[in-house]
Amino acid sequence: MTADADRVTAELLRAEQRKDLFEGTPPTGVSHALVLAAPYNCDEFVVLGNHVQLAGLVRRIVATARSALAGSGARVLPKLSIPVEVMAAVLATAGEGMDEVRAMLLADQIDLALHRAGLQMVEREQPEQAPALPPIQWSQTVVRADLVAGRPVFREVKHLAGLRHEAAVPCCGRPVQLEADVEAPAAIMCPFCGLLYDGELVEELDSGGWDDTRSFVALFTVTSSGLQIVKRNPPKGRA
Ligand SMILES: [Zn+2]
């Protein structure tokens, strides 16, 4: 079409209302006609189809127009809210034989009915962050039930050499080595207990005292518990 947008009229008609477009009866599958007309220069653009096809086309035109006209100040159809679009999508796929367009209309009506009743659909709030678990101090004993994801556990260390220290994993006490002044915590896995930790050395408050000796404790933070470790037998019959 070659008309200015403000001089175009759009009409959705039943096919029988425009018998002049056909010789006799409308072809099979054609129930509606979307007529875009520019009376100023006698231009007419007609799309034939069923109501679902035409509604889909209209939606595509609206979406294109909305992005093309964004920021220009021109009035465009409002975008449906996300809750309405979600409800329509569910209705259209709920197996009730409802097509996309009817689903959209029904969702819009439900939204309107709620609005009239002073209610509105709102986005569900994010669940609140679980409160931080209190750390288990190095002097406290640990039981297996304490070791849930997010739990920090301090354990004492034995100095090996340089910055290397040895600490016992909180679950079963197996020794692991940790190094001080590293950038990221070490991922430590205990395959026997099915636990995954971030392990790091934390300098103690009174570290570097009169004799300049730095002292550390190990901090194990449980990142995952209840891992299932599957032991695979090596394939037999191979050299
Ligand atoms: Zn363990």
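Both counts, for ligands and for their atoms, begin at 1 and track the order of listing. Nothing here was measured: the structure is a model prediction, and the numbers come from that model.
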Task: Pairs satisfying side chain to side chain donor-acceptor pair (under 3.5 Å), at least one member in residues 136-161, at least two apart - done: none
Task: Partner residues of R14 under the side-chain hydrogen bond (donor to acceptor under 3.5 Å, both in side chains) criterion, sequence neighbours left out - done: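 Expected list: none.
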Task: Results of side-chain hydrogen bond (donor to acceptor under 3.5 Å, both in side chains) for E166 - residues two or more places apart only - done: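 Residues passing side-chain hydrogen bond (donor to acceptor under 3.5 Å, both in side chains) with E166: none at all.
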Task: Side chain T223, main chain L196, donor-acceptor under 3.5 Å - done: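 At least one qualifying donor-acceptor pair exists.
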TODO: Taking only Lys NZ, Arg NE, NH1 and NH2, and the carboxylate oxygens of Asp or Glu, determine whether D111 and R116 approach each other closer than 4.0 Å.
DONE: no
- [ ] Could you check if a side-chain atom of V169 sits within less than 4.5 angstrom of a side-chain atom of I188, using non-hydrogen atoms only?
- [x] yes
Task: N, O or S atoms of the protein lying under 2.8 Å from the Zn ion (ligand 1) - done: C171 SG, C172 SG, C190 SG, C193 SG
